[in-house]
Amino acid sequence: MARAWNPEFQHDDRERWICIYPVYINSKRSAADGRKIPKDKAVDNPTYQEIRDICAAAGLAVGVENKVHPKEPDPKDLRFRGRIRVHLRKEDGSPVLEQFPTRKSVYLHLGEMIPKLKARAQSQGSSQQSSGQQPGSAGGQKKKGKKGKR
C-alpha cells in the first residue's frame, strides 16, 4: 500500500516512481483529455498490460496499481483502468537507463513499441481479414425493387 507523501522520499522509493496512465499515449484522446505525446506517435487504446510488458522488456522496474485517470469519462470501464509506476531515476537522481532520461522518452518508446506487440499484430490482422469480403460473395442476398420493368 502506498505511503502518504513525504518530501524526504528518495528516487528509489516507489512513491517517487513516475506514473503512466494509458490515456497518456492514447491517440483517440486529445491533449486536453490527457494525451502527453503527439497524436502521430500515440497508439489506439493502449492497455495497462501492454505498457507494463513494454516497460519490463526495456529493463525498467514496474508496478501496477488499480487506479483510473481523473479525466476518464467512465471510471468503471475496465479497459481504461490501471496505472503503471516506473522506476526512472536512481537515488542520486541519474537515470536508471540512459535511453530513458525523461518521462517523455518513456512515453515515446511506448508509442513506438506497442504497435509491434504480437497481440496487436494478430488482432489487426484478424480484423482486416473479417472486414474485407471477397467480391461476388454477396451471401445470397436478393436485390429489392422492380425486376426488369421499365
Side-chain angles (χ1 to χ4, degrees), residues 1-139 141:
M1 186 166 152
R3 300 177 289 176
W5 171 252
N6 183 344
E8 296 177 8
F9 283 153
Q10 301 297 313
H11 288 288
D12 284 339
D13 294 324
R14 189 179 170 112
E15 289 78 11
R16 289 289 302 265
W17 294 9
I18 66 166
C19 294
I20 303 175
Y21 288 97
V23 70
Y24 290 176
I25 57 172
N26 191 344
S27 64
K28 298 197 182 264
R29 303 302 292 271
S30 68
D33 286 338
R35 183 172 37 83
K36 303 234 181 220
I37 60 175
K39 197 170 202 164
D40 62 329
K41 296 184 180 180
V43 183
D44 287 353
N45 297 323
T47 64
Y48 77 89
Q49 295 101 330
E50 293 170 330
I51 295 170
R52 178 198 60 209
D53 293 345
I54 295 293
C55 288
L60 294 165
V62 240
V64 179
E65 298 174 341
N66 189 18
K67 301 283 186 180
V68 180
H69 190 271
K71 291 190 178 182
E72 280 298 339
D74 184 11
K76 297 199 183 336
D77 190 353
L78 296 178
R79 292 177 300 159
F80 304 114
R81 214 157 175 69
R83 175 171 75 183
I84 307 299
R85 288 264 189 179
V86 177
H87 187 202
L88 193 63
R89 303 207 172 272
K90 297 178 192 170
E91 194 168 329
D92 62 359
S94 64
V96 171
L97 295 175
E98 292 299 320
Q99 70 187 70
F100 302 118
T102 63
R103 64 181 64 220
K104 189 163 184 173
S105 64
V106 176
Y107 301 155
L108 292 171
H109 178 73
L110 290 167
E112 179 185 333
M113 298 305 290
I114 288 177
K116 297 177 182 176
L117 287 173
K118 282 185 180 179
R120 282 260 170 171
Q122 290 171 354
S123 67
Q124 287 177 352
S126 64
S127 66
Q128 288 174 355
Q129 289 173 356
S130 64
S131 65
Q133 291 184 351
Q134 295 178 359
S137 63
Q141 295 177 353

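These numbers come from a predicted model, not from an experiment. One is the number of the first residue; the rest follow in order along the sequence.
When every heavy atom of T47 is checked against every heavy atom of E50, the shortest pair comes out as N-OE1, 3.0 Å. Here the shortest heavy-atom pairing between P75 and R81 reads O-NH1, 3.0 Å.
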Residues 94-106, side-chain donor-acceptor partners within the protein, below 3.5 Å, at least two apart:
residue	atom	partner	partner atom	Å
S94	OG	D92	OD1	2.7
T102	OG1	S105	N	3.2
S105	OG	T102	N	3.3
S105	OG	T102	O	2.5

Side-chain donor/acceptor pairs under 3.5 Å, residues 67-74, sequence neighbours excluded:
residue	atom	partner	partner atom	Å
H69	ND1	K71	N	3.1
K71	NZ	A32	O	2.8
E72	OE1	R29	NH1	3.1
E72	OE2	R29	NH1	3.3
D74	OD1	K76	N	3.3

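Side-chain N or O atoms of H87 include one that pairs as donor or acceptor with a backbone N or O of R89 at under 3.5 Å. Without hydrogens or angle criteria, R85 side chain to G63 main chain gives no donor-acceptor distance under 3.5 Å.
Separating the NZ atom in K36 from the CG atom in L108 is a distance of 13.0 Å, to the nearest 0.5 Å.
In terms of the side-chain hydrogen bond (donor to acceptor under 3.5 Å, both in side chains) criterion, residue partners of D44 (sequence neighbours excluded) are, by chain and number, S27. Qualifying ring-ring contact (aromatic ring centres under 6.0 Å, His included) partners for Y107, counting only residues two or more places apart in sequence or in other chains: Y24. With sequence neighbours left out, the side chain to side chain contact (heavy atoms under 4.5 Å, CB included) criterion links K116 to E112, M113. Scanning for salt bridge (charged side-chain N to carboxylate O under 4.0 Å, His left out) contacts around D40 gives an empty result, with sequence neighbours left out.
Side-chain contact between I54 and L117: present, with at least one pair of heavy atoms (C-beta onward) separated by less than 4.5 Å. Side-chain contact check for F80 versus N45: some heavy-atom pair is nearer than 4.5 Å.
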(message) For I25 and I51: C-alpha separation, side-chain torsions, deciding distance, then whether side-chain contact (heavy atoms from CB on, under 4.5 Å) applies.
(response) CA-CA 10 Å; I25 57 172; I51 295 170; 4.0 Å; yes

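Checked against L60 for a side-chain contact (heavy atoms from CB on, under 4.5 Å), the options I84, I18, V86 give a single hit: V86.
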